[in-house]
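In what follows, a single structure is set out as structure tokens and then discussed.
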Amino acid sequence: MLDYKSMQEKWQKAWADARLFEVEPNEKRGIMVFAAFPYVNSPPHMGHLRTFCTPDVYARYLRTRGTNVLYPFGFHATGTPVIGYAKRIANNDPDLLESLRTFHVADEDIKRMVDPHYIVDYFIKQQEAEFRKVGNGVDWRRKFISIEPLYSKMVEWQFQKLKEKGYLVQGTHPVGWCTNEDNAVGQHDTMHDVQPDIEEVTAIKFKDKDSDAYFICATYRPETLYGVTNLFVNESVEYVVAEINGVQCYVSKDTAFRFSYLFDTKVKGDITAAELLKKVAINPITNEEVPILPGYFVKADKGTGVVMSVPSHAPFDYVALERLKASGYPVPKMEYRKLIELKFPDAKKGLGSTLKPDEFSGSTGDAVHHEIPALAYLEFLRMNPDVDDESVELATKLVYREEARYGVMLVGEYAGKDEPEARDKIKDDLVKSGDAMLMYELANDEPVICRCGTKAIVAIVKNQWFINYGDKKWKEQVHAMFSKMKIYPEKYRHTFEMLIDWIDLRAMERAQGLGTRFPFNPEHIIESLSDSTIYMMFYTFDYILRANDVKPQQLAPHFFDYIISGEGDAATVSKETGIEESVITRCKESLDYWYTNTSSHSAPDLIPNHYLMYMFNHVALLPEKFWPKQIVANGMVNYEGEKMSKSLGNIVPAGDAVGKYGADQVRFIEVAGAELDSDTEFSTNSLNGVNSRIEYLLSQVIEVIKAENGNELKGVDFWMYSRLNSKIKKATSSMDGLMFKGAYDEIFYASIGELKKYKEMGGRNGLVVTDYLSAVIKMLSPIMPHIAEELWHLLGNSTLAATERWPETDEGMLNMELEESFGIVDSTVEDVNRAMELTGKMEANKGKKAKSVKVILAEQWKTEAYNMLVEGKEIGEIIASMQDKAGKDKAAKYLQGFKNRKEATQQVLATQQSLFNAFSESSDYLKKKFGCEVEVEKEQDSKSARAQRALPSKPSIEVVWS
RNA sequence: GCAGGGGUGGCGGAGCCUGGUCAAACGCGCAAGGCUUAGGACCUUGUUCCCUAGGGAUGCGAGAGUUCAAAUCUCUCCCCCUGCACCA
């Protein structure tokens with residue numbers, strides 16, 4: 001067993017000493033391969049390794065193909081998470097502390113993590129150390145953090161350009177808001193990490209008949225305005241008169257407070273529910289007068305505290321009126337208008353058929369009163385209107401859902417239209433005519449609580465800067481570029497295309513967090529995804545700046561204009577900035593060389609955000625030669641059959657995994673354990689399989705260096721060479737397409753099998769095995785770089801395997817006929833085993849031993865006729881061309897058999913003679929397999945009754961029992 | 001709700017775009033046997049049902065259609081997953 005740890009360190013040092021990964025532009029074709037830089041609020045775990053090892057394997061592969069490859073690395077620290085992290089440390093958050101201990105963070109370090117910058121430094125150090133340990137060949141000279149001053153200068157340049165080009169716009173935007181901290185609240189800022197779910201609601205104005213004031217009713221269903229019978233206010237709620245956007249309104253006191261964050265709102269004075277109840281309101285769409293009635297269910301903090309009542313379609317309204325009547329309240333006579341008809345597509349659908357089993361446990365009944373849909377749904381759920389508020393809730397949901405899906409308007413301007421369409425049009429009309437306004441509300445079922453303990457609401461942020469990704473022309477350009485890009489796996493192409501169309505305004509400034517100050521509002525910083533869309537460019541010249549002690553303030557916009565777009569000239573820029581002209585020129589050359597050809601790697605979760613912005617920003621800011629060429633998205637890593645997650649407590653730190661399982665084992669299973677697009681399974685099982693094969697390879701290397709060379713080449717040797725070259729060919733094309741599993745199934749797994757088979761079939765030529773192993777080890781080097789070095793040197797080489805070239809396919813050694821012949825030998829072994837088992841069970845043969853096995857090879861004319869059938873020739877035609885090689889009846893029958901069974905699909909290359917040779921050469925092997933004598937016969941020479949059953953790729957078998 | 005993706009064996013997962021080579025690659029699991037001091041290592045064989053010397057039947061979420069022929073194309077329905085913006 002190898003000592004993996006010291007072996008890994010040995011070779012990592014050898015690579016470092018040879019400066020293999022510190023690359024500069026040269027005359028070769030260059031490519032920069034990079035992974036999306038990681039966020040530094042946690043130590044890396046096994047799952048991360050896949051995303052960072054995949055580009056390394058790819059980079060190492062490309063190097064073996066003669067490409068000059070740069071694999072740089074950087075770190076992302078912008079935004080609020082690190083700050084939140086520091087706060088949690090200060091509060092001794094138990095979950096966080098426990099997770100840090102899992103990752104072996106010392107108490108001493110945890111204490112100092114109250115400082116966000118300490119967190120950043122700590123995790124950068126740790127992440128770098130662990131990515132080194134796993135053998136990634138990174139040019140670490142180019143490392144940077146997204147919060148360093150030099151970097152910020154590039155981001156400033158970027159946003160100035162975006163503004164110049166008209167891609168920055170100002171506007172309003174609804175956000176979750178904490179009124180205590182006066183700050184936007186996102187998922188990270190709430191208790192239990194709830195995402196504030198903001199919903200647009202239509203607020204309809206009902207004029208007070210006797211004044212200029214309006215009742216404001218919030219509704220999701222403006223189309224039901226045609227059926228309003230009354231308004232509800234709650235007698236236990238406090239109301240106010242407020243001036244909202246210049247209009248006198250009646251709303252709950254709570255609403256006035258929330259509206260002050262949405263609209264221009266001034267509270268004029270209190271008004272009691274009792275006073276409101278005396279009023280009469282006017283329906284803006286029908287101009288009908290509607291009374292105000294008490295509604296027990298109306299809430300002060302939802303909607304506006306005033307509810308429009310549509311008893312025909314709203315179960316709550318229906319029930320409230322029923323209860324009111326029952327209580328003896330003088331409810332005027334009113335008309336329950338049916339506004340929407342359900343039109344089901346087929347007989348299987350009906351009222352209530354969208355009810356899901358987990359929504360309702362009771363039994364349902366018949367809906368009778370279809371003229372009042374709200375009642376019909378209540379009947380369907382068999383609810384008791386006096387007590388069963390839960391059913392009313394569910395009935396409301398059902399009406400809403402089914403009318404949206406199957407409903408057709410019966411009344412109003414949009415009669416005959418589907419309900420959702422009518423709803424939107426009516427809403428737009430009302431807003432346009434000033435009879436309604438749009439408000440926002442949190443739609444979460446539970447209240448959203450800020451971490452400070454205050455209930456969050458919705459606020460509209462004014463004069464907020466956005467990047468306008470909705471720009472049509474911009475989108476077109478991105479589409480055009482995208483169509484030329486390579487996407488791995490290709491299945492994401494469609495997703496990308498949809499998303500390019502979908503992305504719209506993106507708010508890009510924040511009040512809090514680490515990062516670059518926004519040039520047009522220095523109070524704010526640039527949002528943390530927006531500041532990381534062209535950062536890869538920085539790798540190509542940042543270390544040149546640092547090496548020459550360039551200061552941030554020297555990085556004037558003209559510097560970037562020159563090196564990126566070639567605007568101006570180096571001398572002028574040098575004069576302006578004080579940066580030496582040669583340094584500027586080197587930056588430009590480096591950028592030109594590395595940035596014209598790139599491959600970007602990450603997990604697919606970055607597609608709808610980072611990658612979209614990556615493409616848009618490149619198109620907007622950089623010349624076409626620097627546009628992205630290739631995006632690679634890799635799947636996740638499961639551990640022992642489960643997703644790695646905090647809740648399962650099965651997160652394995654990267655360092656632990658490498659220490660415990662070995663760097664190459666981890667690399668292999670994570671990168672080649674599954675194809676790029678699917679999740680890979682890290683299990684003891686897969687690890688054992690990999691380890692045992694590594695051991696086997698090692699044993700073969702040791703054996704072959706002791707073996708004798710120079711025997712004459714036999715069939716099996718040619719077979720081995722053919723297999724090797726087929727393997728190289730297949731693996732090369734798989735690697736080129738980033739199909740690492742396909743490639744390494746061939747290189748690693750299949751090779752072990754072939755080495756064993758070769759020996760079983762009597763192969764013993766040391767030279768052949770050495771050639772074979774050398775090629776396999778070279779191909780193994782990208783994914784198992786340490787072990788490949790070890791084996792490579794054991795074989796007697798003194799060069800580094802990492803610098804060896806990938807083997808070329810020697811077409812002259814390919815012999816598909818031979819490979820097929822030996823393949824048929826193998827499949828025949830399986831058939832014989834089966835035949836022996838079956839015949840052994842027969843009465844006559846019980847307890848006996850097989851004496852011999854006859855393998856009878858089909859006559860050559862069968863193969864020829866069969867191949868003609870595959871070519872699509874008619875049977876008659878084939879028989880005619882057969883002449884007298886076989887009896888015509890025999891040939892016809894044989895061919896018809898194939899045709900009927902639809903088996904004539906692939907040509908058979910092996911001739912009878914080549915099969916005969918393969919079987920003859922394998923006779924020792926076969927004897928050992930069967931444990932009895934083996935006779936190989938040609939059909940035309942055989943006396944066996946079974947001889948004529950022989951088919952081209954399937955010899956006839958006869959087991960002879962003693 | 002909107003948008004995107006998907007439903008194949010005990011499981012993971014190919015194949016579906018370019019219909020016939022598909023009882024279904026490859027892997028895992030499971031079963032029997034072998035090897036072995038032992039084994040989570042390795043090697044055989046099997047793993048829908050029936051037949052039992054390489055034969056047949058059924059089958060790819062449900063239903064219908066197109067076709068000589070459908071997991072593969074069309075339509076309808078059912079179910080599942082992911083994203084929806086201030087969050088990296």
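Just so it is clear, the structure is predicted and the values come from calculations on it, not from any experiment. So you know, we letter chains A, B, ... as the sequences are listed, proteins then strands, and number each from 1.
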Exercise. Starting at the 5' end of RNA chain B and moving along, which residue's nearest nucleotide shows up first, A/Pro955 or A/Pro196?
Worked result: A/Pro955

Problem set entry | N/O (side chain, A/Lys756) to phosphate O (OP1/OP2, B/C43) under 4.0 Å | yes

For this session: Could you work out the separation of B/U8 and B/A24 based on their C1' atoms and round it to a whole Å?
Result: 8 Å

Exercise. With respect to the side chain of A/Pro608, which nucleotide from B/G83, B/C26, B/G4 is positioned closest?
Worked result: B/G83

Seminar exercise, completed: Picking from B/C84, B/C26, B/A88, the nucleotide nearest the side-chain atoms of A/Thr80 would be B/A88

Exercise. With a non-hydrogen cut-off below 4.0 angstrom, is A/Val185 in contact with a base, only sugar-phosphate, or nothing?
Worked result: sugar-phosphate

For this session: Cation-pi check, A/Arg423 to A/Tyr220: give yes when NZ or CZ is under 6.0 Å from the six-membered ring centre and within 45° of the ring axis, no otherwise.
Result: no

For this session: Could you check how far CD1 of A/Ile147 sits from C1' of B/A88, rounded to whole Å?
Result: 15 Å

Exercise. A/Trp502 CH2 to B/C84 C1': how many Å, rounded?
Worked result: 6 Å

For this session: Name the pairing partner of B/A62, where a pair is Watson-Crick or G-U wobble with both distances under 3.5 Å, or state none.
Result: B/U76

Exercise. Looking at A/His48, A/His610, A/His76, which hits ring pair (Phe, Tyr, Trp, His ring centres under 6.0 Å) with A/Phe37?
Worked result: A/His76

For this session: If B/C2 has a Watson-Crick or G-U wobble mate with both distances under 3.5 Å, name it; if not, just say none.
Result: B/G83

Seminar exercise, completed: If pairing means Watson-Crick or G-U wobble with both distances under 3.5 Å, then the partner of B/C22 is none

Exercise. Heavy atoms under 4.0 Å, any strand shown: does A/Ser532 hit a base, just sugar-phosphate, or nothing?
Worked result: nothing

Exercise. What does B/A88 pair with, Watson-Crick or G-U, if both distances are under 3.5 Å?
Worked result: none

Seminar exercise, completed: Exactly one of A/Ser146, A/Ser530, A/Ser528, A/Ser532 clears side-chain hydrogen bond (donor to acceptor under 3.5 Å, both in side chains) with A/Thr78, and that residue is A/Ser146

Exercise. Should A/Ser678 be listed as having a side-chain N or O under 4.0 Å from OP1 or OP2 of B/G13?
Worked result: no

Exercise. So does A/Ser686 reach the base of B/G27 with its side chain, donor to acceptor, closer than 3.5 Å?
Worked result: no

Exercise. So what does A/His610 touch, heavy atoms closer than 4.0 Å: a base, only the sugar-phosphate, or nothing?
Worked result: nothing

Problem set entry | Which nucleotide in B/A88, B/A41, B/A85 has an atom nearest any side-chain atom of A/Asp504 | B/A85

For this session: With P as the reference atom in both, quote the distance from B/G1 to B/G59 in angstrom, rounded to an integer.
Result: 34 Å

Problem set entry | Integer-rounded Å distance: B/G1 P and A/Glu402 CD | 11 Å

Problem set entry | Spacing of the C1' atoms in B/U58 and B/A71 (rounded, Å) | 15 Å

Problem set entry | Upstream residue (5' side of RNA chain B) when A/Asn688 and A/Tyr39 are each assigned their closest nucleotide | A/Asn688

For this session: On the 0 to 90° scale, with breaks at 30° and 60°, tag the A/Phe668-A/Tyr749 ring pair as parallel, tilted or perpendicular.
Result: perpendicular

Exercise. Between A/Glu223, A/Glu421, A/Glu200, which is the residue that forms a salt bridge (charged side-chain N to carboxylate O under 4.0 Å, His left out) with A/Lys427?
Worked result: A/Glu200

For this session: Look at the side chain of A/Arg506 and decide which nucleotide, out of B/A85, B/G54, B/G4, has an atom nearest to it.
Result: B/A85

Seminar exercise, completed: By the Watson-Crick or G-U definition, both distances under 3.5 Å, B/A53 is matched with none

Exercise. Can you find a side-chain donor-acceptor pair between A/Tyr469 and A/Asn617 that sits under 3.5 Å?
Worked result: yes

For this session: Using the C1' atom on both, measure B/C78 against B/C26 and round to a whole Å.
Result: 31 Å

Exercise. How is A/Leu505 classified with respect to the nucleic acid when contacts are heavy atoms under 4.0 Å: base, sugar-phosphate, or nothing?
Worked result: base

Exercise. How is A/Asp679 classified with respect to the nucleic acid when contacts are heavy atoms under 4.0 Å: base, sugar-phosphate, or nothing?
Worked result: nothing

For this session: Rounded to whole angstrom, note down the C1' distance from B/C68 over to B/G63.
Result: 23 Å

For this session: Can you tell me the distance, in whole Å, between the CG atom of A/Leu698 and the C1' atom of B/C42?
Result: 17 Å

Exercise. Quick one: is A/Ser528 getting a side-chain N or O under 4.0 Å of the B/A88 phosphate, OP1 or OP2?
Worked result: yes

Problem set entry | Listed partners of A/Thr396 passing side chain to side chain contact (heavy atoms under 4.5 Å, CB included), at least two apart | A/Pro315, A/Phe316, A/Val392

Exercise. Contact class for A/Ala507 (heavy atom, under 4.0 Å): base, sugar-phosphate, or nothing?
Worked result: base

Exercise. Using a cut-off of 4.0 Å on non-hydrogen atoms, how would the nucleic acid contact of A/Ile957 be classed: base, sugar-phosphate, or nothing?
Worked result: base

Problem set entry | Length of the CG-P vector between A/Asp745 and B/G13, whole Å | 16 Å

Exercise. What does B/C16 pair with, Watson-Crick or G-U, if both distances are under 3.5 Å?
Worked result: none

Exercise. Under 4.0 angstrom, heavy atoms only, what part of the nucleic acid is A/Asn609 near: base, sugar-phosphate, or nothing?
Worked result: base

Exercise. Taking atom types as modelled, is there a side-chain donor on A/Lys727 or A/Ser751 under 3.5 Å from an acceptor on the other?
Worked result: yes

Seminar exercise, completed: pair_partner(B/G46), Watson-Crick or wobble, both distances < 3.5 Å, evaluates to B/C30

For this session: Could you measure between the two C1' atoms, the one in B/G13 and the one in B/G29, and give it in whole Å?
Result: 14 Å

For this session: Just call it for A/Glu958: base, sugar-phosphate, or nothing, with non-hydrogen atoms closer than 4.0 Å on any strand.
Result: base

